[in-house]
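Lettering of chains follows the sequences in order, A, B, ..., and the numbering in each one begins at 1.
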Number of protein chains: 2
Amino acid sequence: MATKLFIVDDHYMVIEGIHSILQNENSIEWMGHASNADSCLAFLKNQRPDVILMDISMPGMSGIELCKLVRENYPSIYIIGLSTFNQQSFIKKMMDVGASGYLLKNATRQELIFAINEVSKGKMYVCDEAASTLRFNEKLQLPVITRREKEVLEFIASGLTNNEIAKKLFISVSTVDSHRKNILVKFEAKNIASLVKTALQLKIIE
Amino acid sequence: MATKLFIVDDHYMVIEGIHSILQNENSIEWMGHASNADSCLAFLKNQRPDVILMDISMPGMSGIELCKLVRENYPSIYIIGLSTFNQQSFIKKMMDVGASGYLLKNATRQELIFAINEVSKGKMYVCDEAASTLRFNEKLQLPVITRREKEVLEFIASGLTNNEIAKKLFISVSTVDSHRKNILVKFEAKNIASLVKTALQLKIIE
DNA sequence: AGGGAATTCCCGTTTTTCAGGGATTTTTCA
DNA sequence: TGAAAAATCCCTGAAAAACGGGAATTCCCT
């Protein structure tokens, strides 16, 4: 039986490309596409694909949130993440949230078909580039900061002083200072400048 | 006479998508594709398309450099920039370097065909999103900093203090401080944290 | 129920940044 | 060759961050 495939991507050219690539592939049945998370969810109300190819960065709800939702509500559907960039945190988050595979948009026809078939059988498929990025990151691993620390970090990056942050969060300056110190340690940063830089580079803040 | 089109993009799916979209369009003749700047240049040694669709971010030479080269050596070829993101600086740089148009990868079939046809006649076509980004940026325009200021900014972002920077550059702390102050004014930042954040966001430093 | 993590708070000292001036010497380029 | 822009240097005082400690409470998970 052919694998029923659905695609969520906000790039028309990519959808068209995948459609065209899979046109003569009779092991895969094209169910359609959505260009954002909401239309995807609406589609799933009545239809049940076997595999969804899902772009990670989309306007509105991201592929990561969408993946989580779909996996929670329709555990029989397998998901393959799709993105342009080989971005450490994206890949990890996508896999954490239940994706079965990960492809970059420069994948070949062979790789695409192979990935869909593997995943439809319940296996995993992560493309080489993404896999090596994951391995690299396991060694280097991202600093883990708490919810509160992240809040403080965001305020710091937007230029607020400890005093201003304290007022915003209704806590004392000492507390803010403690958080700041802990964040600096976790990031192995010696001051705010390098902290903000690495936090942005690691996409921990935007 | 049909417009002869060539495509440079490192994403197979996008090439395939565009190919598929243009298959039944007889005003456009598909000449082929390259997945990087070098193969594009090699192709141009013997062939002469009318229009090149060119991805901006590619491994190796970027679309911006490639665009410049092509325009210098083959001024009869018109170029349309292509990218995933609506990124201020990219669009501007691409247009500065001689591109005739700019499309995002979520363009529709109609828009794609229209853009190619317009550009082939020597006109310009910039998609709405990109155009509004350009307008937005003209008003807001990027801070212009001097070479020295950029050097200092980079050291600041990597966590060096004024003192350390002074030693590295063999200048006095006062001078570094002056640069720092000027940079802060130019970025309208109130402190280092917000400075580093906006400098990174505007891609003025990496 | 117990333990660890998270969040909260405080102190004192040193270093660095911020904000406000002003001033001189090089470069650059029209 | 001359004016504008860039790069250099200096001062002072206040504000904030960095450093190095310690400690109490609350939350969460097993």
Side-chain angles (χ1 to χ4, degrees), chain A residues 68 72 89 92-93 96-98 138 141-202 204-205, chain B residues 96 138 140-202 204-205:
Chain A
K68 195 176 172 198
E72 279 166 5
S89 55
K92 185 160 180 359
K93 279 183 194 158
D96 283 348
V97 107
E138 257 165 40
Q141 65 194 332
L142 302 177
V144 178
I145 58 172
T146 68
R147 223 173 309 147
R148 197 56 154 178
E149 284 166 351
K150 192 177 172 198
E151 257 183 295
V152 173
L153 175 55
E154 268 155 3
F155 282 131
I156 290 173
S158 49
L160 302 195
T161 64
N162 284 353
N163 213 306
E164 292 165 331
I165 297 171
K167 277 173 192 153
K168 282 229 173 198
L169 296 178
F170 304 104
I171 55 181
S172 96
V173 187
S174 322
T175 308
V176 179
D177 193 52
S178 292
H179 287 313
R180 176 186 294 258
K181 279 191 277 192
N182 290 330
I183 300 169
L184 284 172
V185 170
K186 288 185 179 179
F187 276 80
E188 295 173 59
K190 56 171 289 206
N191 58 30
I192 290 302
S194 57
L195 170 66
V196 172
K197 189 182 171 191
T198 53
L200 278 164
Q201 284 174 337
L202 299 175
I204 287 165
I205 55 173
Chain B
D96 283 348
E138 259 166 37
L140 212 95
Q141 62 195 333
L142 301 179
V144 178
I145 58 172
T146 68
R147 221 172 309 146
R148 198 57 154 177
E149 284 166 351
K150 192 177 173 197
E151 257 183 295
V152 173
L153 175 55
E154 267 155 5
F155 282 131
I156 290 174
S158 49
L160 302 195
T161 66
N162 284 353
N163 213 306
E164 292 165 332
I165 297 171
K167 277 173 193 152
K168 281 229 173 197
L169 296 178
F170 304 104
I171 55 181
S172 96
V173 186
S174 322
T175 309
V176 179
D177 192 51
S178 293
H179 288 313
R180 176 185 222 110
K181 280 191 277 192
N182 290 330
I183 300 169
L184 283 172
V185 170
K186 286 185 181 181
F187 278 80
E188 296 173 59
K190 58 171 287 202
N191 59 30
I192 291 300
S194 58
L195 171 66
V196 172
K197 189 183 171 192
T198 55
L200 279 163
Q201 284 174 337
L202 298 175
I204 288 166
I205 56 173

Checklist entry - Would you say the side-chain atoms of B:Lys150 pair up with the backbone N or O of B:Ile145, donor to acceptor, closer than 3.5 Å? => result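 Answer holds: no.
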
Next on the checklist: Please check this pair: side chain of B:Asn182 against backbone of B:Val185, looking for a donor-acceptor N/O pair closer than 3.5 Å.
Outcome noted: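 Checked: no pair found.
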
Checklist entry - In residues 151-168 of chain A, which ones come under 4.0 Å of DNA chain D, going by heavy atoms? => result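 Contacting residues: A:Thr161, A:Asn162.
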
Item to check | Contact list for DNA chain D against residues 178-188 of chain A - heavy-atom distance below 4.0 Å | outcome: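 Result for residues 178-188 of chain A: A:Arg180, A:Lys181, A:Leu184, sorted by number.
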
Looking at [X], I'd like to know whether one of its side-chain N or O atoms comes within less than 4.0 Å of OP1 or OP2 on [N].
X        : N      : answer
B:Thr175 : D:dC9  : yes
B:Ser174 : D:dC10 : yes
B:Ser172 : D:dT8  : no

Checklist entry - Which pairs count as salt bridge (Lys or Arg N to Asp or Glu O under 4.0 Å) when at least one residue sits in residues 187-197 of chain A, sequence neighbours excluded? => result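 Sorted pair list: A:Lys190-B:Glu164.
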
Item to check | Pairs where residues 165-175 of chain A contributes a residue and the test salt bridge (Lys or Arg N to Asp or Glu O under 4.0 Å) is met, not counting sequence neighbours | outcome: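 Passing the test, one end in residues 165-175 of chain A: no pairs.
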
Can you list everything that forms a side-chain contact (heavy atoms from CB on, under 4.5 Å) with [X]? Sequence neighbours excluded, please.
X        : value
A:Lys181 : A:Asp177
B:Ala166 : B:Val173, B:Val176
A:Lys68  : A:Glu72, A:Val97
A:Ser174 : A:Ser172

Checklist entry - When the nearest nucleotide of DNA chain D is assigned to B:Glu149 and to B:Asn191 on a heavy-atom basis, which residue is associated with the more 5' position? => result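 So the residue in question is B:Glu149.
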
Protein-nucleic acid N or O pairs under 3.5 Å, nucleotides 25-30 of chain D:
none

Indicate yes or no: at least one non-hydrogen side-chain atom of [X] is less than 4.5 angstrom from one of [Y].
X        : Y        : value
B:Pro143 : B:Leu202 : yes
B:Val196 : A:Leu195 : no
A:His179 : A:Ile156 : no

Checklist entry - Can you check the B:Ile192 CD1 to C:dT16 P distance for me, whole Å? => result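 It works out to 14 Å between those atoms.
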
Checklist entry - C:dC18 P sits how many Å from B:Asp177 CG, rounded? => result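 One finds 9 Å between P of C:dC18 and CG of B:Asp177, rounded.
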
Checklist entry - Which angle, rounded to 10°, do you find between the first-five-pair axis and the last-five-pair axis of the helix from C:dA1-D:dT30 to C:dA30-D:dT1? => result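 Computed angle between terminal axes is 70°.
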
Next on the checklist: Tell me every residue that passes salt bridge (Lys or Arg N to Asp or Glu O under 4.0 Å) with A:Arg180, counting only those two or more places apart in sequence or in another chain.
Outcome noted: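 None.
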
Checklist entry - With A:Glu151, which residues qualify under salt bridge (Lys or Arg N to Asp or Glu O under 4.0 Å), at least two apart? => result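 A:Glu151 satisfies salt bridge (Lys or Arg N to Asp or Glu O under 4.0 Å) with A:Arg148 only.
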
